[in-house]
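See structure below.
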Amino acid sequence: MSGRSPGVDLSVVVPAYNEEERLGPTLTAITRYLGDGEGRWGEWEVIVADDGSTDGTGDVVTALGHPGVQLVTSPRNRGKGHALRLGVAASRGRRVLVTDADLAAPIEELERLDKALSGGHSAAIGSRSVPGAAIGTHQHRVRELLGRAGNFLIRATAVPGIRDTQCGFKLFEGDKAREVFAASRLEGWGIDVEVLQQFRRRDWAVTEVPVRWSHQPGSKVAPLDYARVLADLGRLRARAIRPADLLATALFLLMAVALYSGRFFDPGHRYFPDSLQDQNQWEWFFAVTADNVAHLRNPLFSDLQGFPDGVNLMANTVMLGVSVPFAPLTLLAGPAVSLSVCMTLGLAVTAAAWYRLIVKRVVQRRPAALVGASLAAFAPPMVSHANAHPNFVILFMIPLIIERALRLCAGTRVVRDGIVLGLMAAYQIFLGEEPFLLAGLGMTLFAASYALVRRDVARRSWRPLLKGLLIGGAVCLPLVAYPLYWQFAGPQSYTSVLHGDNAGNSPLSLLAFAERSLIAGNEQTANALSLNPTEQNAFYGWPLVALAFTIVVRLWEQTLVRALAFTAVGAALLSLGPKIRIPLTDLVYPGPWALLAHKPLFESVIEGRVAMICAPALGMLLAVAVDRLLATTGRGVRYVGLLAVLLALLPLVPAPLKSVDRVGVPAFFADGMWKSYVHDGESLVPLPLPDPGAAEALHWQTAAGLGFKMPGGYYNGPYGKDRIGIYGASPRFTSNMLRDVRYSGRIPVIGKNWRAQAQRDFAYWKAGALVVAPQPNDDALRKAVQQLTGRPGKWTGGVWVWDLHGGS
């Protein structure tokens with residue numbers, strides 16, 4: 001730095017606080033070693049930074065009387081960080097050695113650090129944790145364990161790859177040390193981490209050097225200091241967050257709250273009608289998981305619905321990855337509140353995760369990443385699933401998994417990244433297996449296309465990637481083996497869920513607008529091109545498709561753009577299903593999905609959902625384009641391009657999800673009247689049985705605190721000897737007949753055979769009581785049940801009840 005004396009080659013900075021007893025021998029050892037080096041170290045200086053000592057620390061320096069040793073002091077004790085900042089600021093050397101006053105690492109180890117620094121590094125830090133290090137006298141075992149735990153947290157949160165940040169023996173290039181220490185802010189022991197973090201951010205090479213080290217008595221590190229280091233880490237993490245990133249996250253949260261505003265502020269009394277019966281189902285999943293956690297029951301199974309056979313929860317979308325952590329909130333505030341908060345936060349966090357990935361891997365400019373992440377998380381298919389499917393909304397692990405896989409391709413820390421990837425994969429399995437499968441399909445499309453264009457990158461990457469994937473699999477499989485066994489071979493498991501051969505998207509749905517598009521939405525068109533309001537899986541709109549085509553043509557030279565284009569087009573084609581019907585004609589052609597339709601796992605996928613892969617691919621294409629536009633110097637080109645992006649996205653801005661007042665729970669359930677009708681081991685039977693078309697009884701059950709069991713329900717379970725997956729319980733004669741009465745209002749002729757069959761079905765369900773609540777054709781239902789039981793029902797608590805304990 002200008003203004004520094006060019007004659008000083010080495011500065012040694014020793015921070016000291018109340019070191020009267022240990023400082024003298026330390027200074028003697030340092031000065032003797034540097035002075036006896038026959039010019040090895042050139043001109044040198046030793047700076048003692050006295051951090052407001054209350055003993056004779058300063059007098060030790062004065063008494064030594066060495067011309068090469070100087071003292072700088074602080075009027076009061078402020079911490080090691082302040083002392084080092086003071087000492088390094090006073091230094092003049094081309095290189096600066098920072099060493100603790102106890103000289104736990106002998107001054108002779110400077111030779112090793114100097115060689116490392118001469119090898120092209122900007123900082124060489126002594127380490128007790130790399131091969132070649134030698135520890136003479138160990139610390140107390142507890143202190144060592146605390147130190148290792150602290151180093152693990154430091155690696156995970158601040159300076160990955162550095163095993164020992166806290167060894168007090170570090171050599172820096174002088175000018176860089178003075179720059180970084182001057183910019184530091186921490187006052188305490190966390191200064192070491194902050195400085196190394198700043199070196200990393202400036203791309204200044206740091207290397208760990210094995211040293212000899214021995215614990216010295218009289219350490220100034222108290223047990224409470226470990227907690228202070230953790231607090232310093234928290235401050236570093238907070239300071240590392242850019243204001244733009246905080247703003248982006250706040251905007252994502254605001255967007256999610258706006259989307260869910262119809263339910264968010266009163267979730268217990270509002271219902272999303274476009275969720276069909278899924279809101280009832282998901283609230284039940286959250287409620288039963290919390291109940292299982294609270295009572296230490298198996299979270300993979302329940303017989304509260306589907307009684308007496310029960311429900312294989314692992315084979316259903318119970319999302320243990322969030323329903324278990326949210327169990328306290330569910331128990332405290334109810335499943336409606338828990339589900340609402342979970343989906344709102346999950347959507348916002350997912351957008352933030354895509355934003356982070358795009359910033360780290362795709363573009364440099366934050367506004368471009370904001371645009372791309374907004375489309376990735378709030379694209380029309382995501383908004384459609386936001387009505388009812390948290391497993392397709394809470395996708396924050398997918399960008400993290402993608403980023404970790406990209407790290408593996410670099411091959412720098414394959415073992416560590418493989419382990420982390422395995423843990424991430426295990427957690428994603430407990431969030432949603434179908435989204436994970438689709439994400440894997442999207443990553444495969446991207447990797448294949450990228451490898452075709454950049455074969456040199458593929459040759460460098462495939463070995464570390466494969467090794468990391470194998471390590472990840474070895475970590476993941478033991479964690480998920482038993483739950484997966486339960487899912488595929490446990491009670492009430494099934495082989496596959498068949499959705500028919502018409503679950504693919506129409507080609508027109510890729511160009512049309514979704515129902516919930518604020519400006520261009522058309523309910524009639526959207527419903528005609530989709531299975532239902534929760535499965536509008538494409539609907540990107542023709543302006544966005546046209547803009548994406550223009551971006552690809554304009555930026556075709558970029559490998560990333562080609563790979564993203566191939567991924568989006570491949571996913572769109574696969575989403576059309578095994579048979580592609582050409583619009584406005586009778587022509588039908590085989591689709592590429594036919595190659596996967598009957599493969600294990602894929603056979604249960606609703607193929608139209610594959611189009612959801614297009615959302616992040618299109619989002620990243622937009623981010624690349626916006627980043628290029630923001631960098632261009634031509635004002636006209638920039639404004640025209642940004643206007644095109646705006647016009648393409650504006651029709652896709654979603655309106656808040658539709659919500660209606662929720663029908664109240666009958667007092668029979670809400671006030672506990674049911675308790676006198678159901679004995680231990682019995683069920684309460686709502687008629688007709690709850691099913692995917694009418695699952696309000698699940699809401700009654702959760703309102704009753706899951707106090708009773710019931711047959712039927714809304715879940716996936718096995719049917720027949722082949723155990724094919726169906727929605728709801730295996731049908732029985734009585735349940736089928738009463739369901740038909742509900743929808744038609746017509747009662748069949750009920751004679752002796754029907755009554756005998758009803759007796760068998762009631763006995764199978766272990767029914768304590770039958771209930772008919774107000775509903776369409778409820779008068780016909782009441783009469784049918786009266787004929788089946790041979791007695792009239794009793795009107796109580798807003799429902800008709802038949803007590804079966806006296807016989808029927």
Side-chain angles (χ1 to χ4, degrees), residues 10-35 44-91 93 96-110 113 125-126 128 135-140 143 147 165-172 177 181 184 186-192 195 211-226 228-229 232:
L10 175 68
S11 297
V12 180
V13 177
V14 183
Y17 174 65
N18 290 346
E19 293 286 1
E20 180 180 5
E21 296 183 2
R22 298 193 299 183
L23 185 60
T26 294
L27 293 178
T28 300
I30 293 173
T31 54
R32 180 183 297 121
Y33 174 74
L34 297 178
W44 53 266
E45 64 180 358
V46 179
I47 301 170
V48 177
D50 183 0
D51 189 31
S53 298
T54 58
D55 64 357
T57 296
D59 296 335
V60 172
V61 179
T62 304
L64 183 66
H66 195 292
V69 181
Q70 63 173 299
L71 176 70
V72 293
T73 61
S74 172
R76 62 183 179 88
N77 177 244
R78 296 175 63 179
K80 179 184 177 182
H82 176 74
L84 283 177
R85 199 155 38 246
L86 193 68
V88 172
S91 69
V96 174
L97 174 70
V98 173
T99 180
D100 288 343
D102 61 3
L103 217 61
I107 187 62
E108 291 78 11
E109 296 301 282
L110 174 60
L113 270 58
I125 64 174
R128 298 160 290 185
I135 298 180
T137 304
H138 286 263
Q139 304 175 79
H140 189 278
R143 190 185 291 270
T165 61
Q166 302 308 106
C167 178
F169 199 71
K170 298 177 175 68
L171 183 65
F172 304 97
F181 275 92
S184 67
L186 294 181
E187 302 278 39
W189 301 98
I191 184 70
D192 296 289
V195 166
V211 295
R212 292 180 294 121
W213 186 92
S214 292
H215 173 65
Q216 303 297 321
S219 172
K220 295 297 186 294
V221 181
L224 189 59
D225 289 325
Y226 290 98
R228 293 193 179 103
V229 171
D232 284 344

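In this text, all values refer to a predicted model and were calculated from it rather than measured experimentally.
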So does E21 have more than 12 non-hydrogen atoms from other groups sitting under 6.0 Å from CD? no
Could you tell me whether the side chain of V12 reaches within less than 4.5 Å of the side chain of I47, counting heavy atoms only? no
For S53 and A16, work out which heavy atoms get closest and say how close. OG-O, 3.8 Å
For P15 and A83, the nearest pair of non-hydrogen atoms, with its separation, is CB-CB, 4.0 Å
By side-chain hydrogen bond (donor to acceptor under 3.5 Å, both in side chains), which residues pair with T54, not counting sequence neighbours? N18
Are a donor atom and an acceptor atom from the side chains of E19 and T57 found within less than 3.5 Å of each other? no
Within-4.5 Å side-chain heavy-atom neighbours: L71 and T73: yes
side-chain contact (heavy atoms from CB on, under 4.5 Å) assessment of L110 paired with L34: CA-CA 10 Å; L110 174 60; L34 297 178; 4.2 Å; yes
CZ/R22 to CG/L27 distance, rounded to the nearest 0.5 angstrom? 12.5 Å
For the pair V13 and V48, evaluate side-chain contact (heavy atoms from CB on, under 4.5 Å) and give the outcome as yes or no after the intermediate values. CA-CA 6 Å; V13 177; V48 177; over 6 Å; no
Measure the acute angle between the ring planes of F172 and F181, then classify it against the limits of 30° and 60° as parallel, tilted or perpendicular. perpendicular
side-chain contact (heavy atoms from CB on, under 4.5 Å), that's the test. Do S91 and E45 meet it? Break it down for me. CA-CA 8 Å; S91 69; E45 64 180 358; 4.0 Å; yes
Is any side-chain heavy atom of D192 closer than 4.5 Å to one of K80? yes
W44 side chain reached by S11 side chain, heavy atoms, under 4.5 Å: no
Would you say the side-chain atoms of T62 and D59 include a donor-acceptor pair closer than 3.5 Å? no
Heavy-atom donor-acceptor pair, R128 side chain to S214 backbone, under 3.5 Å: no
Do F169 and I125 have side chains that approach each other closer than 4.5 Å (heavy atoms only, starting at C-beta)? no
Are I30 and T99 side-chain neighbours, meaning at least one heavy-atom pair lies under 4.5 Å? yes
So, does S74 use its side chain to make a donor-acceptor pair with the main chain of R76 at under 3.5 Å? yes
With heavy-atom distances below 4.5 Å as the criterion, would you say the side chains of R85 and E187 are in contact? yes
Any side-chain heavy-atom pair from V96 and L171 closer than 4.5 angstrom? no
Nearest heavy-atom contact between A105 and W213 is N-CD1, 3.9 Å
Taking every heavy atom of V211 against every heavy atom of C167, the minimum-distance pair comes out as CG2-SG, 4.3 Å
Looking at Y17, is its backbone amide N or carbonyl O close enough to the side chain of D51 to form a donor-acceptor pair, meaning the two atoms are under 3.5 Å apart? no
Backbone N/O of T28 and side chain of T31: donor-acceptor pair under 3.5 Å: yes
Are any side-chain N or O atoms of D100 and backbone N or O atoms of L103, one a donor and one an acceptor, separated by less than 3.5 Å? no
Can you tell me how far CG of D102 sits from CG of L23, rounded to the nearest 0.5 angstrom? 11.0 Å
